[in-house]
Amino acid sequence: MANLLSRRTAAELDGPPRVAIIDIGSNSIRLVVYQGPPRLPSVLFNEKVMAGLGRELADKGTIGPDAMARARAALARFVAVVRAMEVSRLTTVATAAVREADNGHELIAHAEDLGLDVTLLAGEEEARISGQGVLSGIPDADGIVGDLGGGSLELVRVSGGELCDRASFPLGVLRLAAIRERGDHTLERYVGKMLRKAGWAGVGEGRPLYLVGGSWRALARLDMHTTNYALPILHQYAMSAETVARLGRMIPRLEKSWLRDVPELSNARIATLGDSAALLATLLRSLGSDTMVVSAFGLREGLLYGQLDPRQRTEDPLIVAAREEGRRLGRFAEHGNLLDRWIAPLFADETPALARLRHVACLLADVGWHANPEFRAERGLDAALHGNWAAIDARGRARVAQALFTSLGGGIVSPAPLPDLATADDLALAARWGLAIRLGQRFSAGVAGPLKQSRLSLTGEALVLDLPASNAAFYGEAVERRHKVLATQFGRKPVLTLR
């Protein structure tokens, strides 16, 4: 593998080192190249090939010749891409199909000839890594992770940032059609017996099931499309058991031509939608779970998470990503942290969860400065709603979006689709965050000194801006106007004090 990798320094590579993962799965083979903060690097390149390595596994016990050919071609291309992109660290893993096929060793040998060092993951190891992936993207996850691949289903209990019990079952999506063909309720009996024997029956009672894998993400995409959901972002999208039952009834009646119009739904996923929904409904009943949360983070993110040191694992992925985005797009390094500390006294009674979202808004407060002035507010709205964030749900995105929209001059109105994603009270509070940020940015002109030497506070009747007399000139007409607007939103009078 060493001959594939770049030996150039991070500076020579124009930024942090690039790392990559090749995931040889039972349904797809994927290359993802990452660059950025280790805790949550950005995806620089992402490509998959639906090789279908596990398609003939149940019947013949082998990887079929067509699938083998597609896999060989995909790996050759991915090796060429890794070389061209000067990746400094490459991890290659293979899962159920390669692990179980009689000729799986042939594909590994071919990969090694290309210079790849392939780790063949055992079932429970695959479960562990998928669990790590969910914890990477949803650190407070407390429930059961279900990772559905082409050849196997992995379950792992996550709680308190830790992995507990884990297991692997031969229930990959490419195996399900053969099981269901044996007759009505065969899948339900088969899965129920398997989970009872392994001690997993009922362990999801009162806990969510975190969905990992392209087949289940396809179900979520279908639900979003059929319900006209306002923010079609998969990560942390929630569904109920009733939703899965509805999808299960709907899928057999849908025309393939209609399904092809669903955004991001591939033909390969369309073919397995019914089987995926049937397994999910059965799994919910067996585990006792009645809610689901989609995780866009799984095996590959779990591999990255496993390479972090203990300190890095404790970092908040949302804060890390927002700080990096603010650094990359903003004008003044670390101004977001200063802004957050400066406006915090106005929101002293907020919960830690709200304070975290306010901090994110401050870190992103400058992302719209380089846009056309007429569209800066829209740029802030887009950054919050559509950014590739982790550890935040749609309601949280809406709150941050409102704060940025307001801070960048959009006013306190809540543009679509924010009212569909959060309550009026949520958005009113976020608008106050935005007005406070807007005051801080104008008052300080983006430099540190004015914020460090002044302070905001609330009294019974006033919103007070206190600063040294030597800085009185900073309180110009535009600052006074924004001070008044913010005070009005708090039902107070604006007061300036000099010391």
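A pairwise comparison of heavy atoms in G380 and L408 identifies CA-CD1, 3.7 Å as the closest pair. Here the closest non-hydrogen pair linking A361 and L404 is O-CD2, 3.4 Å.
In this structure, D223 pairs ionically with R246, as a charged nitrogen and a carboxylate oxygen lie closer than 4.0 Å. Remark: D23 does not engage R30 in a salt bridge, criterion side-chain N to carboxylate O under 4.0 Å. E126 and R99 are joined by a salt bridge, as a carboxylate oxygen and a charged side-chain nitrogen come within less than 4.0 angstrom of each other. Salt-bridge annotation for R376 and D366: absent, with no side-chain N of the basic residue lying under 4.0 Å from a carboxylate O of the acidic one. The existence of a salt bridge linking E100 and R175 is confirmed by a sub-4.0 Å separation between a basic side-chain nitrogen and an acidic carboxylate oxygen.
By the 30° and 60° cut-offs, the orientation of the rings of F297 relative to H235 is tilted.
In summary, the side chains of H370 and R379 do present a donor paired with an acceptor at a separation below 3.5 Å, with no hydrogens or angles considered. Side-chain atoms of E154 and S152 form a donor-acceptor pair, as typed in the model, at a separation below 3.5 Å. Checking E255 against S257 by side-chain atom types alone, no donor-acceptor pair falls below 3.5 Å. A donor and an acceptor atom, one from each side chain of S26 and R55, are nowhere located under 3.5 Å apart. Side-chain contact check for S414 and Q402: at least one donor-acceptor pair (N or O, by modelled atom type) lies under 3.5 Å. A side-chain donor from one of T423 and D426 sits under 3.5 Å from a side-chain acceptor of the other.
Although no hydrogens or angles enter the test, the distance criterion places no donor-acceptor pair under 3.5 Å between the side chain of S240 and the main chain of T291. For W389 (side chain) and I319 (main-chain N/O), no donor-acceptor pair under 3.5 Å exists by modelled atom type. Listed for the N103 side chain is no donor-acceptor partner under 3.5 Å among the backbone atoms of E106. For the pair T226 (side chain) and L222 (backbone), a donor-acceptor distance under 3.5 Å is present. Proximity of a side-chain donor or acceptor of R39 to a complementary backbone N or O of E315 within less than 3.5 Å is detected. Here the side chain of R207 pairs a donor or acceptor atom with the backbone of V203 at under 3.5 angstrom. No donor-acceptor pair closer than 3.5 Å links the side chain of E324 to the backbone N or O of A321. Side-chain atoms of S276 come within 3.5 Å of backbone N or O of T272 as a donor-acceptor pair.
Note that R18 lies outside the cation-pi zone of Y34, set by a 6.0 Å cut-off to the ring centre and a 45° limit from the axis.
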Checking salt bridge (charged side-chain N to carboxylate O under 4.0 Å, His left out) for the pair E47/R77: CA distance, chi angles, key distance, verdict? CA-CA 10 Å; E47 181 172 305; R77 169 170 162 74; 2.6 Å; yes
For T91 and Q307, what are the C-alpha separation, side-chain angles and deciding distance, and is it a side-chain hydrogen bond (donor to acceptor under 3.5 Å, both in side chains)? CA-CA 11 Å; T91 302; Q307 295 166 357; 3.2 Å; yes
Give the intermediate values and the outcome of side-chain hydrogen bond (donor to acceptor under 3.5 Å, both in side chains) for residues H386 and R397. CA-CA 8 Å; H386 305 133; R397 285 175 182 261; over 6 Å; no
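When side chains are defined from C-beta on, L31 counts as touching V82, because their heavy atoms get closer than 4.5 Å. Between L116 and I22, some side-chain heavy-atom pair lies under the 4.5 Å cut-off.
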